[in-house]
Amino acid sequence: DLGAIGDNLTGTSASSGHDQLYNLQMLEAAFHRLPQPKDSERAKNYVPRHPAVTPASYPQIQAPIVSNPTFWERIGSDTLATDMLFFAFYYQQNTYQQYLAARELKKQSWRFHRRYNTWFQRHVEPQVTTDEYERGSYVYFDFHVTEDGSGWCQRIKNDFTFEYNYLE
Amino acid sequence: LGIDLTTLGLNLNSPDNLYKTFGSPWSNEPAKGDPDFHIPACYF
Amino acid sequence: KDKKVAILFSEWCQMCDHLSASDVAYSRFVTQLQQDGLLNGDDISERFFRILTELAVTHSLVSEQIVAPGGSSQQSPQLPQISYFSIDSYAKLVVMMLKYSPLEISSNKGNILSKILSVTVRTIQKEAEEKKASFNPRPYFRLFINWLYDLTTSDAHHEFQVLSAFANAFHLLQPLRVPAWSFAWLELVSHRSFMPKLLTCNLQKGWPLFQRLLVDLFKFMEPYLRNAEIPDPVNILYKGTMRVLLVLLHDFPEFLCDYHFSFCDVIPASCIQMRNVILSAFPRNMRLPDPSTPNLKIDLLAEISIAPRIMSDVDSALKSKQLKTEVDEYLKRPEGSSFLSDLNKKLLMPQNEAAVAGMHYNVPLINSLVLYVGIQAVQQLQLNKAIASASVQQINHTPLMDIFQIETATEMFKNLVTSLDTEGRYLLLNAIANQLRYPNNHTHYFSFIILYLFAEATQEIVQEQITRVLLERLIVNRPHPWGLLVTFIELIKNPRYNFWNRPFTHCAPEMERLFESVSRSCA
C-alpha cells in the first residue's frame with residue numbers, strides 16, 4: 001500500500017455515478033464502430049486534363065508505381081530520365097507525382113525559376129554570385145517552337161542572371 | 001509493467017519523422033495512400 | 001426550405017458524380033448559393049449547412065443498410081460497408097465554397113469554417129445524445145477526414161486559422177462530451193494532416209491548442225486507468241494513446257517537455273509507463289550522457305544549470321486554494337510561521353469532493369506546491385551563486401531573509417514527508433519524482449531533494465517509500481527518464497545512503513532479486 005497499485009486510491013466506480021458508467025457504455029458501443037482504414041482512404045480518381053481515347057489494351061489507369069517515391073529516387077540523371085522528371089512535372093500537375101519529380105530535380109541540382117516557370121541547372125560555376133543573384137551559363141529545359149516544329153529540349157543560356165527572389 | 005512499446009508498429013529509431021506515415025492509433029500498419037505533400041502555387 | 005436544400009444537394013451530387021466536372025462548374029454553383037443568400041454565415045446559412053449535414057449522413061447510412069449483406073435493414077454483425085458518396089460530396093461543397101466564395105467571405109475563411117464546424121459539432125452532439133449506443137461515428141469521421149485532407153493543405157496564409165478552427169471543434173467533441181465519438185476523435189486529432197501541422201505551423205502557436213486536446217483525452221481515461229483491471233475498449237483507447245505519445249516523443253519531444261507538468265496532473269499515478277514516456281522526452285539538440293557512466297558528475301554538465309521551459313500554469317492550483325500567498329510568506333519569513341503546522345491537511349480534498357473524485361488528496365495542488373517551491377528554491381540558488389561571485393556592496397543589497405529560502409524550502413519538504421500519511425507521502429514523492437527528467441536545474445534540484453529526504457529520514461518507511469516511488473518507475477517497460485536513472489544509481493551506489501544495509505532491501509528473497517536486477521540493468 002505504499003505505491004501505485006493498492007488501496008491508497010479509494011474505489012471510483014461507486015463514487016463516480018452515472019457519467020463514468022454511461023461513458024464506458026458509450027465507449028463500448030464506439031469500440032464496435034472503430035474507424036476502418038477505408039474510412040480514411042479516398043479513391044484516387046485521377047482525372048486526366050485532356051483525356052485521350054486509347055485502345056482498351058492500353059492501361060486505362062495510372063500505374064501505381066508513379067506514386068512510389070523510390071521509383072523517382074532511382075530514376076537516374078541521364079537525359080531520358082530527366083525528361084521523365086520534366087514530363088511528370090509539367091504534365092501531371094497538382095499530383096503527388098509532380099511533387100516527387102520536383103523533389104528529384106532539386107536533388108539533381110536543378111532550380112525552379114518562378115518567373116519563367118523553367119528549371120535551370122548550372123552549366124559551370126557562376127561567374128558572379130551575390131546575396132541577390134548569380135550569373136553564369138545554365139542549362140535549361142524549355143519548350144521551343146521553330147519552323148521545323150516544336151518540342152521540349154535542353155538548351156544552354158550564357159550570361160544568364162538568376163535572381164534569387166525568383167528561386168522557388 | 002506497461003507494454004513493450006517497440007511492438008506498437010512504430011520505428012522509434014527512424015531518422016525520419018514518424019507522423020508522415022502514422023496510419024492510425026488502432027493499427028500497427030503505416031498509412032496507405034499518398035503521404036502529405038504540399039505543392040507550391042508557382043508549380044501550376 | 002428543407003425540400004429546396006435537398007434539391008440543391010442532389011444537383012450538387014450529380015455534378016460530383018461526373019468526374020469530368022470542372023472547377024468552373026463548381027465555382028458557378030457556389031456563386032449561385034451566394035446569390036441565394038445561403039453563404040452569409042447567418043441563421044439561414046447555419047440552417048442550410050445543418051440540413052446538408054443531415055442529408056449527407058442519412059444517405060450514407062441508408063446505403064449502409066442497403067449494402068449490408070442479406071439486405072436486412074438492421075445492421076449485420078460484421079461492420080457493413082458504408083457508401084461515402086454523399087458525405088464526400090457535401091465535404092467537397094464546403095471545400096469549393098471556401099475556395100471559390102467571393103473575396104469578402106474567403107478573407108475570413110476561418111470564421112466561415114468555424115460556423116460550418118459548429119453546425120457539425122452540434123449535429124454530432126445532438127445525434128449522439130439521441131442515439132446513445134446506436135450512434136454511428138463513422139460518417140462524421142469521414143466528413144472530417146475529407147476536410148482535413150482538403151482544407152489543411154490549401155494555403156499557408158489561412159493555415160493556422162483553419163487548424164485552430166478544427167482544434168476548437170475537436171475540443172467541443174472531446175470524449176467527455178461525446179464518449180461514443182472517442183475513437184474517431186483520437187484518430188482525427190492525431191491524423192498526419194492535423195497533429196503535425198498544428199504543432200509546426202506559426203512557431204508553436206498551435207501548441208496550447210493541442211495540449212488542451214491531450215488533456216481532454218487524459219481526463220476522460222483517468223477514472224478507468226486508476227484501477228488495475230482496464231475494460232477492453234479503454235485498453236484499446238489507452239494503446240492508441242500510447243502510439244500517439246510515441247509519435248510525439250519521437251517527432252515533437254520539446255512539446256512533451258514543455259507541458260509535462262499539466263499532463264502529470266491528469267495522468268493517474270498508476271499509469272507509470274505512460275507518464276514515463278512524457279517524462280523521458282528531452283530536446284532533440286541535447287545529447288544525454290549514459291546514466292551508468294562511472295563517476296558521472298551531473299553537476300558538471302552544462303545543461304544542468306539551465307531551467308527547463310515550462311509552458312503549463314504551475315501555480316494556478318496553489319492560487320485556487322489561496323495557498324500561494326501563504327507559501328510566499330513562509331519562504332520569506334519562516335521564523336514563527338505556523339504555515340507548516342497544518343500544511344498536510346490543506347492538501348486534502350474536501351470530503352464531498354473526495355468522494356466524487358475517489359481521491360483523498362488534491363493531486364494537482366500537491367504537484368503545484370512541489371514544483372512552485374522548487375522553482376523558488378532553484379532561483380534562489382542561482383541568485384546565491386551570482387551573489388557568491390558578486391562584489392561586496394551588491395551582497396549588502398540582497399535582503400538577508402532571501403538567503404534562508406533554500407533551507408526553508410528543504411524544511412518544508414522534510415516536514416511534509418513526516419507529517420503526511422502513507423497515501424499523501426506517496427503523492428508528494430511522486431510530485432518530486434515527476435521532475436526527474438532530462439539534464440536541467442529542476443532535475444538537479446529535485447534529485448538532490450529526494451536523496452536528501454532519504455538520507456535525513458528518521459523512519460524507515462520513508463526510505464522504503466522513496467525507493468518504491470523510484471523503483472516502480474524503473475521496473476516498467478522502457479522508456480525511463482534520464483533524471484530518474486541517475487538518481488536511483490546515485491542512491492544505490494553512493495555509500496552515503498547506505499542503501500544496501502537498509503533492512504527493507506533484504507525483506508524478502510524476491511525483493512533482493514528485484515533490487516539486484518534493477519541495479520544491474522541501471523548501473
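Protein chains get the first letters and strands the later ones, always in sequence-line order, with residue 1 at the start of each.
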Any chance you could measure [X], atom [atom1], to [Y], atom [atom2], to the nearest 0.5 Å?
{"X": "A:Gln36", "Y": "C:Arg142", "atom1": "CD", "atom2": "CZ", "value": "12.5 Å"}
{"X": "C:Glu187", "Y": "A:Ser40", "atom1": "CD", "atom2": "OG", "value": "4.5 Å"}
{"X": "C:Asn136", "Y": "A:His32", "atom1": "CG", "atom2": "NE2", "value": "13.5 Å"}
{"X": "A:Asp39", "Y": "C:Asn146", "atom1": "CG", "atom2": "CG", "value": "11.0 Å"}
{"X": "C:Phe183", "Y": "A:Arg33", "atom1": "CZ", "atom2": "CZ", "value": "12.5 Å"}
{"X": "C:Tyr84", "Y": "A:Lys38", "atom1": "OH", "atom2": "NZ", "value": "9.0 Å"}

Taking [atom1] in [X] as the centre, count heavy atoms belonging to other residues, nucleotides or ligands within less than 6.0 Å. Is the count above 12?
{"X": "A:Gln127", "atom1": "CD", "answer": "yes"}
{"X": "C:Glu229", "atom1": "CD", "answer": "no"}
{"X": "A:His123", "atom1": "NE2", "answer": "no"}

C:Glu130: partners by salt bridge (Lys or Arg N to Asp or Glu O under 4.0 Å), with sequence neighbours left out |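 C:Glu130: salt bridge (Lys or Arg N to Asp or Glu O under 4.0 Å) contacts with C:Lys126.
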| query | Are any of the side-chain heavy atoms of C:Ser182 and A:Phe31 separated by less than 4.5 Å? | reply |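 They are not in side-chain contact.
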Q) Taking the side chain as C-beta and beyond, is there a heavy-atom pair between A:Tyr22 and C:Lys132 under 4.5 Å? A)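 Counting from C-beta outward, A:Tyr22 and C:Lys132 do come under 4.5 Å.
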Can you name the closest pair of heavy atoms from A:Pro35 and C:Ala184 and give their distance?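 Where A:Pro35 meets C:Ala184 most closely, the heavy atoms are CG-CA, 3.7 Å.
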Heavy-atom pair of closest approach, residues C:Pro179 and A:Ala30:
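Answer, listing the atom of C:Pro179 first, then A:Ala30: O-CB, 4.3 Å.
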Top contributor to chain A contacts, counting heavy-atom pairs under 4.5 Å, from C:Leu176, C:Asp232, C:Ile145 |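 Highest number of pairs under 4.5 Å: C:Ile145.
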> For the candidates C:Ala180, C:Ala128, C:Pro175, which exhibits the highest count of non-hydrogen atom pairs separated by less than 4.5 Å from chain A?
Replying inline: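 Most heavy-atom pairs under 4.5 Å with chain A: C:Ala180.
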Is [X] close to chain A through its backbone or its side chain, or both, or neither, when contacts mean heavy atoms under 4.5 Å?
{"X": "C:Val234", "answer": "both"}
{"X": "C:Phe220", "answer": "side chain"}
{"X": "C:Leu237", "answer": "side chain"}

Problem set entry | Proximal component of A:Gln25, with respect to chain C [non-hydrogen, under 4.5 Å] |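 For A:Gln25, neither part sits under 4.5 Å from chain C.
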**Message:** Show every salt bridge (Lys or Arg N to Asp or Glu O under 4.0 Å) that has at least one partner inside residues 112-129 of chain A, sequence neighbours left out.
**Reply:**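 Qualifying pairs: A:Arg122-A:Glu125, A:Arg122-A:Glu134.
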